[in-house]
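What follows is a single structure, written as structure tokens, with notes after it.
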Amino acid sequence: MTDVRVPTLGESVTEATVATWFKKPGDSVAVDEMLCELETDKVTVEVPSPVAGTLSEIVAAEGETVGVDALLAQISEGDSAPAPKAEEKPAEPAAADEAPAEAPKDAPKGGSDVPVMVPTLGESVTEATVSTWFKKEGDQVNADDMLCELETDKVSVEVPAPASGVLTKIMAKEGDTVEAGGQLAVMSDGGSGAVAHSVEDGTPETTTAPAAQGGKDVEDAPSAKKMMAENNLTSDQVTGTGKDGRVMKEDVQKALAAAPAAASAPAPAAAAAPRAPVPADDASREERVKMTRLRQTIAKRLKDSQNTAAMLTTYNEVDMGAVMDLRSEYKDLFLKKHGVKLGFMSFFTKACCHALKEVPEVNAEIDGTEIVYKNYVHMGIAAGTPTGLVVPVIRDADSMSFADIEKAIAEKGAKARDGKLSMAEMQGGSFTISNGGVYGSLMSSPILNPPQSGILGMHKIQDRPMAIGGEVVIRPMMYLALSYDHRIVDGKGAVTFLVRVKEALEDPRRLLMDL
């Protein structure tokens with residue numbers, strides 16, 4: 001028996017949520033075949049099979065929170081595990097052939113009440129709220145059908161049916177608060193035998209199948225449901241490629257890439273609700289959507305930054321004419337030689353690396369009662385994605401050329417959009433650049449990305465009248481904002497840094513001359 005355990009999730013990440021199981025107990029698996037998908041507050045991690053064999057047992061169900069190296073499942077190596085199943089299957093038809101009239105009668109006799117319990121909710125989580133029941137009393141359910149969804153202060157937990165049968169009684173209604181290990185409902189497994197034999201007989205199959213489908217017994221992957229909710233998509237708009245048509249996270253990503261307009265299509269319907277002619281309470285016109293773990297982490301880290309650092313912002317403006325002229329003159333030659341477009345970000349990255357050499361405290365961080373000065377620049381480039389803000393890091397940006405920086409930004413940007421950034425690619429940054437100008441922002445105050453001590457905010461380039469040499473001239477201007485931790489960076493250092501960035505951008509030759 002081989003254990004399948006939670007892999008290393010990355011620096012400072014200690015737990016993850018089991019989002020989707022691609023296999024079920026009894027399935028044959030090959031080496032490196034994907035078994036399940038874990039979600040952390042930053043990235044999605046796939047867990048491959050360490051050996052070939054049969055998935056014997058799933059220990060951590062979908063929705064459960066697991067720690068690093070926790071046991072997820074067990075795999076039986078070789079072909080010995082599936083053998084009992086092959087022997088058990090012929091036994092049922094044989095019994096049915098010997099006594100066809102008694103087979104349906106035996107099932108109810110052998111049936112018993114099966115309690116549906118609240119699963120393990122995760123470390124330090126003791127209670128949850130019943131969010132949604134997918135089945136109602138009297139419904140026929142199959143093993144592993146989703147019965148209901150629970151919400152905790154950390155994650156949403158789906159509760160599968162422990163066996164096939166009939167949902168006889170719901171004990172915890174929607175909105176009720178239940179404790180870990182409490183009972184949610186009661187099932188009777190007596191109905192499962194009757195359904196199984198009727199399918200074997202062949203004739204009742206057409207009547208039972210639609211009933212099961214009507215209850216939507218195939219639930220979408222939790223990660224897919226989150227992404228659909230964030231992008232205003234419904235499962236009808238996505239083609240599921242999972243088992244029995246289950247919608248997976250990759251299916252939602254493909255739907256968003258293939259038809260961007262589909263993500264915004266449901267918006268008019270949602271907006272139409274408040275315009276109903278019948279007055280209603282505010283609550284009826286509100287939509288409550290659970291925050292994703294990524295969004296919760298973003299909120300926590302940004303608030304922690306405000307609470308911890310003595311954050312201050314200083315502003316300046318830069319004439320982008322020289323950079324724009326240089327870029328316009330060499331962009332075609334640059335693309336032809338390096339195979340990547342020449343953008344503004346490489347100029348800003350080089351200018352910041354140049355300024356950080358003169359003002360090293362902006363590239364430092366506080367560790368307890370010590371200041372850690374870094375003799376390198378790991379540049380974080382903030383990027384907006386459908387699931388939230390991420391900051392991929394370009395390591396040793398101070399030793400890279402313009403072409404290397406542009407290639408790294410393009411590569412990291414594509415991974416960010418596709419949700420394929422690894423933990424290592426988002427850690428260790430020493431300074432960050434955030435470009436709000438791509439969204440049309442004229443001026444803003446960026447928030448520090450702890451434990452960093454500085455972040456540069458870029459903004460929209462706008463033609464403005466400027467007084468140059470006693471004359472009013474229209475120039476392409478951009479506002480720059482440097483937010484810094486005043487505990488380590490003095491006002492003089494912050495202003496000096498921003499002036500050096502301004503000078504390098506207005507006269508890029510300074511970068512060549514190290515001035």
Side-chain angles (χ1 to χ4, degrees), residues 311-335 340-359 361-363 377 379-384 397 401-403 405-406 409 413 431-448 454-484 486 489-515:
M311 193 166 62
L312 196 62
T313 305
T314 184
Y315 301 92
N316 212 318
E317 59 183 354
V318 56
D319 185 339
M320 293 294 293
V323 170
M324 294 174 71
D325 291 342
L326 191 61
R327 179 172 176 264
S328 178
E329 183 177 355
Y330 292 108
K331 64 179 182 180
D332 293 335
L333 185 60
F334 190 89
L335 176 61
V340 66
K341 292 182 178 179
L342 178 61
F344 292 121
M345 289 303 298
S346 55
F347 286 95
F348 277 86
T349 301
K350 294 291 283 187
C352 287
C353 292
H354 173 75
L356 288 171
K357 291 181 181 179
E358 183 172 342
V359 192
E361 58 266 32
V362 183
N363 195 47
V377 179
M379 188 66 71
I381 306 294
S401 66
F402 278 80
I405 292 172
E406 291 291 354
I409 290 175
F431 185 81
T432 295
I433 299 176
S434 177
N435 186 5
V438 296
Y439 306 109
S441 172
L442 186 62
M443 180 178 286
S444 64
S445 300
I447 298 179
L448 287 173
I455 178 172
L456 179 74
M458 298 167 55
H459 298 92
K460 177 183 177 182
I461 300 174
Q462 189 173 58
D463 287 344
R464 294 204 303 272
M466 303 296 295
I468 300 177
E471 296 181 355
V472 176
V473 182
I474 303 299
R475 300 298 299 168
M477 304 299 295
M478 176 193 286
Y479 287 117
L480 297 179
L482 174 71
S483 292
Y484 59 97
H486 212 347
V489 182
D490 295 330
K492 176 186 176 182
V495 172
T496 300
F497 172 88
L498 206 51
V499 169
R500 293 295 176 266
V501 171
K502 169 185 169 70
E503 291 174 346
L505 292 170
E506 291 185 339
D507 184 4
R509 293 173 299 179
R510 285 177 170 268
L511 297 175
L512 298 175
M513 306 301 295
D514 194 22
L515 297 175

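The analysis underlying the following values was restricted to heavy atoms, covering all of them including side chains, and did not include hydrogens, waters or symmetry mates. Predicted model, so just to flag it, every value in this text is computed and none were measured.
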| Does any donor atom in the side chain of Tyr484 or Thr313 lie under 3.5 Å from an acceptor atom in the other side chain? |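 Per modelled atom types, Tyr484 and Thr313 side chains form no pair under 3.5 Å.
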
| field | Passing option when Leu482 is tested against Leu312, Leu498, Ile455 for side chain to side chain contact (heavy atoms under 4.5 Å, CB included) | value |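 The side chain to side chain contact (heavy atoms under 4.5 Å, CB included) with Leu482 is passed solely by Leu498 among Leu312, Leu498, Ile455.
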
| said: Phe402 and side chain to side chain contact (heavy atoms under 4.5 Å, CB included): which single residue from Leu511, Val340, Thr349 fits? | reply: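 The option that passes is Leu511.
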
Are the side chains of [Y] and [X] in contact, using a 4.5 Å heavy-atom criterion?
| X | Y | result |
| --- | --- | --- |
| Phe344 | Ile461 | yes |
| Leu442 | His459 | no |
| Cys352 | Phe497 | yes |
| Thr496 | Glu358 | yes |
| Met345 | Ile433 | yes |

| said: For Arg509, is there an ion pair with Asp507 - N to carboxylate O distance below 4.0 angstrom? | reply: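 Looking at Arg509 together with Asp507, the answer is yes, because their closest N to O distance falls below 4.0 Å.
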
| Below 4.0 angstrom, N of the basic side chain to O of the carboxylate: do Lys502 and Glu317 qualify? |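 No salt bridge links Lys502 with Glu317.
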
| Six-ring centre of Tyr479, Arg464 cation under 6.0 angstrom, axis tolerance 45° |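 Judged by the rule, Arg464 and Tyr479 form a cation-pi pair.
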
| request: Could you walk me through whether Met477 and Asp319 pass the side-chain contact (heavy atoms from CB on, under 4.5 Å) test, one step at a time? | output: CA-CA 5 Å; Met477 304 299 295; Asp319 185 339; 3.8 Å; yes

